[in-house]
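Every chain is numbered from 1, with letters handed out A, B, ... down the list of sequences.
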Amino acid sequence: MLSKIGVRAKRSGSVFIGIIGLLGLAINTCPQLLKPQRRRIFWLLFKRQLYNSGLRAASINTIIAMLLGIFVMSKAYAVIPNNAQFIDYYAQFFNIVVNREIGPLISGIILIARSASAVTAEVGQMQLYRQFDALSAVHMSPALVFLLPVFFAFPVSLMLMFFYFNMICVLTSFAMIELYHEGGITLVDYIRALLQQLTVVEVAVSMTKAMVGGCLIGLASLYFGYHVEDRFTDVSRAISNSNTFQLFAFFVLNIGLSYLVYL
Amino acid sequence: MMRLKLDSIALSFDDKVIFRDLNLQVKPAEIVCVQTGVLDGGSSLLKLAAGLLPPDSGNVVVDGLAMRDMAEQARFGATCMGFEAGGLLSIFTNYNNIAFPLLYHTDMSKKAIAQRIEPLANALNVQELLQLEPHQLNDVQTRVMNLLRAMVFRPKLVLLDEVQSGMSYDMRENMLNVLLAEQQEHGYSVLMTTTVGDRTDFADRTLAISGGKLEPIQ
């Protein structure tokens, strides 16, 4: 049993070191973006990645955000009386539940489920069919073609997803207020109350969650995809391992940051 | 100065020796065909020349510069390999497999790149395949797309791996006519592996791999 724990610890350690290595490689490759030719190919691939990981997730983000908005405001009415004078409490409840905790968490899970798996599968298949040889044949750097677009697009996607998710949630929760409330609360009042609850620290924490979480998820996708070997099942195993690692790491990051800052 | 110089190359995979003391010199604008059999190292020879496979010992020199010392920009201008199978990235369309490396390495505009790709694609009758993805091509079309990419790049040395295989008579004649016209116009050297039934009469020299070395064919 001890040896099994040792093997697992060693494996986790090598994943962590590998991801740190990819982070170093990404930072080391960034100066290449100073060359206009490299920048224009990067820009094309970055936009493609941003479209796939951010924009195409909009529909699922909308549906989940709407459901959450309805759920949160129903729960708010269950614990806070239905009265316009309690608008600050509605806003506080929404801010703590959605903005601080569930919004970032669900956006991260959507990014992992949709885009991170796709990147792992893409890179894994390329590794399986030796397509990196094709990249070498045209003398293009894999770090610039694969690493940098993911490295930059994932955090930006996650940040946009946080913002979009919260916006839909706000609108849906207001729709619930309109439906149940007997009048007196306007959308402007509600948004004003929400903004009063929002502090600079909360914005900074959300941005940190997006930046660090997005980078971590993206780099882990590439790491596991790149470690696919000769068997077809290696690809499915890479996706499974990658998702497990990403979910664990993202939960730890979320809970850790919330614990450090809010508790 | 020789366009390509393979100097005392040795290469082996595990216990299997592919080349021992292999030497080859290709002059500027020269066309050399290498007749190959099954698993005798034809593809490895081209990969060595392209700098995609490091030799166990010996030197690969293109235009006086050692391949291993070249930066990626210099390698791009030096060689381009047309693969027998694969060689195209599945995440890009066939067109982008050709255009993206040019965007990456040169100052050419997208319009200028299109103006270079389209006439050659028309001449090779693969215009309608450009917007497809690599998985939608058959083996012959994949080889033609690899050839098209090499001709569009115009490196100093074009390396073609069994490009004639599987082609109909008409297709092969057309492909060779286009290749030879382009080669004469731009002056690049060509090192091409061939197999049984392929044409080699257009080459300046024809060699064969024998016992891990290259021997001339009379």
Which atoms of [X] come close to chain B, meaning under 4.5 Å heavy atom to heavy atom: side chain ones, backbone ones, both, or neither?
{"X": "A:Gln131", "answer": "both"}
{"X": "A:Arg48", "answer": "side chain"}
{"X": "A:Met140", "answer": "both"}

Distance-minimising heavy-atom pair for B:Asn96 and B:Pro101:
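Closest approach of B:Asn96 to B:Pro101: O-CD, 3.8 Å.
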
Heavy-atom neighbours of B:Arg205 CZ exceed 12 at 6.0 Å:
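For B:Arg205, atom CZ is crowded (more than 12 foreign heavy atoms under 6.0 Å).
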
Determine the interplanar angle of the A:Tyr226 and A:Phe132 rings, folded into 0 to 90°, and report it as parallel if under 30°, tilted if 30 to 60°, perpendicular if over 60°.
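Ring orientation, 0 to 90° scale: perpendicular.
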
Over 60° means perpendicular and under 30° means parallel, so tell me whether B:Phe76 and B:His105 are parallel, tilted or perpendicular.
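Rings of B:Phe76 and B:His105: parallel, as their planes differ by under 30°.
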
Among residues 144-163 of chain A, which ones touch chain B with a heavy-atom distance under 4.5 Å?
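Heavy-atom contacts from residues 144-163 of chain A to chain B are A:Leu144, A:Val145, A:Phe146.
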
Relative to chain A, which segment of B:Leu102 carries a heavy atom at a distance below 4.5 Å: side chain, backbone, both, or neither?
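Backbone only.
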
At a heavy-atom separation under 4.5 Å, does B:Leu103 approach chain A through its side chain, its backbone, both, or neither?
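Looking at B:Leu103, backbone and side chain both touch chain A.
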
Would you kindly say whether B:Gln164 and B:Thr194 are connected by a side-chain donor-acceptor distance under 3.5 Å?
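No - no donor-acceptor pair under 3.5 Å links their side chains.
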
Apply the test side chain to side chain donor-acceptor pair (under 3.5 Å) to residues A:Glu101 and A:Ser258: give CA-CA distance (whole Å), side-chain angles for both, the deciding distance (0.1 Å), then the verdict.
CA-CA 8 Å; A:Glu101 304 302 337; A:Ser258 293; 2.9 Å; yes

If you count heavy-atom pairs within less than 4.5 Å of chain A, which of [options] leads?
{"options": "B:Arg149, B:Glu72, B:Lys47", "result": "B:Glu72"}
{"options": "B:Asp107, B:Asn146, B:Leu159, B:Leu88", "result": "B:Asp107"}
{"options": "B:Met81, B:Gln73, B:Met108", "result": "B:Met108"}

Among B:Val158, B:Leu24, B:Ile31, B:Leu207, find the one that has a side-chain contact (heavy atoms from CB on, under 4.5 Å) with B:Leu191.
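The residue from B:Val158, B:Leu24, B:Ile31, B:Leu207 that satisfies side-chain contact (heavy atoms from CB on, under 4.5 Å) with B:Leu191 turns out to be B:Leu24.
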
With a distance cut-off below 6.0 Å to the six-membered ring centre and an angular limit of 45° from the axis, does A:Arg38 pair with B:Tyr104 as a cation-pi contact?
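Relative to the ring axis of B:Tyr104, which defines the angle, A:Arg38 lies inside both limits.
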
Between atom OG1 of B:Thr193 and atom CG of B:Asp161, what is the distance when rounded to the nearest 0.5 Å?
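One finds 3.5 Å between OG1 of B:Thr193 and CG of B:Asp161.
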
Going through the checks in order, is the side chain to side chain contact (heavy atoms under 4.5 Å, CB included) test met by A:Leu44 and B:Lys110?
CA-CA 12 Å; A:Leu44 282 169; B:Lys110 285 183 183 174; 3.9 Å; yes

